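Worksheet: the structure to be examined is printed underneath.
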Amino acid sequence: MTRIIIDSTIDLPEQYRRQVHIVPLTIHFGTEELLDGVDIDRQRFYERLGGVESAVLPPPSQPSPDAFAQLFDQVEAAGDSAVVLTISHKLSGTYQSACIAAEGRERIFVVDPMPASIGSGILARYAIDNAHLPAGELAALLERRRQDVCIIGLVDTLEYLKKGGRISKTAAFAGGLLNIHPVLTLTDGEVTIIGKARGSRQGN
């Protein structure tokens, strides 16, 4: 049996989330540490984010290799195999933690999906739908198919790009005054601005 393991950054509808094992990242609100998807859900995260006065986003922490290793031990004890999907290695050390935990395990295959969030969710759903395949074959298939995923999005506010360090405070201020909305894509796992729209209609 091939099991699918993901980290908590990957977006999936609830009916799919019930078919995977999820390793949570840790989110820091000041000195408070919360496990993503365990101690705090997406709705509560954004509610709290709206009230944060800090100039930076609450930093997430990657799971330790041991967090993955414990799950891998369970997979192997059951005689199963696993395909692991994480957030891109360019955005987090989560992929590296999974690789360290998988070292020397012949039935555990870690795939870097490169796209983030929704893009990773597309690959995760594809993995779930094809979990009847041997794990090694499925992992190779996902590595080929990840090149077909293209994510383009229009951002309504520049505030979180500023807090995340993607743009300067000056650019965020000027963009807000001019009602400029950046058009983003993901290139090799990194967020890239590919255009700018004056108002939301021009971004459609």
Side-chain angles (χ1 to χ4, degrees), residues 1-25 36-37 41-42 60 62-63 65 67-76 78-155 161 164 166 182-195 203-204:
M1 174 181 176
T2 298
R3 302 192 194 186
I4 308 300
I5 299 172
I6 65 173
D7 71 45
S8 60
T9 67
I10 295 180
D11 290 326
L12 278 177
E14 185 58 35
Q15 66 268 29
Y16 280 93
R17 293 179 73 83
R18 291 193 291 265
Q19 301 178 60
V20 300
H21 302 274
I22 302 174
V23 179
L25 275 70
D36 182 26
D41 60 19
R42 298 293 170 87
Q62 68 203 47
F68 283 100
Q70 291 181 33
L71 189 51
F72 296 168
D73 287 344
Q74 295 174 22
V75 171
E76 291 180 324
D80 294 334
S81 301
V83 172
V84 187
L85 288 162
T86 73
I87 188 172
S88 167
H89 75 278
K90 294 189 177 182
L91 298 175
S92 169
T94 302
Y95 171 78
Q96 186 62 29
S97 289
C99 288
I100 292 172
E103 188 173 353
R105 300 176 188 260
E106 296 182 355
R107 299 201 303 271
I108 307 296
F109 299 84
V110 184
V111 177
D112 185 349
M114 299 304 282
S117 192
I118 295 174
S120 299
I122 293 171
L123 282 181
R125 289 175 65 171
Y126 187 78
I128 293 167
D129 290 340
N130 291 277
H132 59 279
L133 295 173
E137 184 178 335
L138 178 57
L141 180 60
L142 292 172
E143 289 175 349
R144 294 194 299 270
R145 292 300 300 269
R146 70 186 176 190
Q147 304 302 324
D148 298 331
V149 178
C150 178
I151 303 297
I152 297 176
L154 181 71
V155 178
L161 289 175
R166 301 292 178 183
V183 181
L184 308 178
T185 189
L186 291 157
T187 304
D188 293 332
E190 294 184 307
V191 178
T192 305
I193 298 177
I194 58 172
N204 293 334

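A quick note: this is a predicted structure, and the numbers were derived from the prediction, not measured.
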Partners meeting side-chain hydrogen bond (donor to acceptor under 3.5 Å, both in side chains) with Ser8 (sequence neighbours left out):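 Checked Ser8 against side-chain hydrogen bond (donor to acceptor under 3.5 Å, both in side chains); matches are Asp36.
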Among residues at least two apart in sequence or on other chains, which ones pass side-chain hydrogen bond (donor to acceptor under 3.5 Å, both in side chains) with Asn130?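 In terms of side-chain hydrogen bond (donor to acceptor under 3.5 Å, both in side chains), with neighbours along the sequence ignored, Asn130 is linked to no residue.
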List in chain and number order the residues that pass salt bridge (Lys or Arg N to Asp or Glu O under 4.0 Å) with Arg145, two or more places apart in sequence or in another chain; answer none if no residue qualifies.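 Only Asp148 meet the salt bridge (Lys or Arg N to Asp or Glu O under 4.0 Å) criterion with Arg145.
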When rounded to the nearest 0.5 angstrom, what is the spacing between [atom1] in [X] and [atom2] in [Y]?
X	Y	atom1	atom2	answer
Leu25	Ser92	CG	OG	5.0 Å
Leu12	Leu123	CG	CG	10.5 Å
Arg3	Ile128	CZ	CD1	14.0 Å
Asp11	Arg125	CG	CZ	11.0 Å

Hey, is Arg105 close enough to Glu76 for a salt bridge, meaning N to O under 4.0 Å?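 Salt bridge flag = yes for Glu76 with Arg105.
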In the structure I gave you, are the side-chain heavy atoms of [X] and [Y] within less than 4.5 Å of one another anywhere?
X	Y	result
Ile22	Ile10	no
Arg146	Asp112	yes
Leu141	Tyr126	yes

Got more than 12 heavy atoms from elsewhere within 6.0 Å of CD, Gln15?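 Yes.
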Determine the minimum heavy-atom distance between [X] and [Y], stating which atoms define it.
X	Y	value
Pro63	Thr94	CD-OG1, 3.4 Å
Gly79	Arg107	CA-NH2, 3.9 Å
Phe68	Ala101	CB-CB, 3.6 Å
Val23	Ala67	CG1-CB, 4.2 Å
Gly93	Gln62	CA-OE1, 3.1 Å
Phe72	Ala98	CE1-O, 3.7 Å

Before you tell me yes or no, could you show the steps for Ile87 and Tyr95 under side-chain contact (heavy atoms from CB on, under 4.5 Å), namely the whole-Å CA-CA distance, both residues' side-chain angles and the distance that decides it to 0.1 Å? CA-CA 7 Å; Ile87 188 172; Tyr95 171 78; over 6 Å; no
Show the numbers, then the answer: is there a side-chain contact (heavy atoms from CB on, under 4.5 Å) between Val84 and Ile6? CA-CA 6 Å; Val84 187; Ile6 65 173; over 6 Å; no
How far apart are the C-alpha atoms of Leu85 and Ile5, what are their side-chain angles, what is the distance that settles it, and do they pass the side-chain contact (heavy atoms from CB on, under 4.5 Å) test? CA-CA 6 Å; Leu85 288 162; Ile5 299 172; over 6 Å; no
Going through the checks in order, is the side-chain contact (heavy atoms from CB on, under 4.5 Å) test met by Leu133 and Thr2? CA-CA 7 Å; Leu133 295 173; Thr2 298; over 6 Å; no
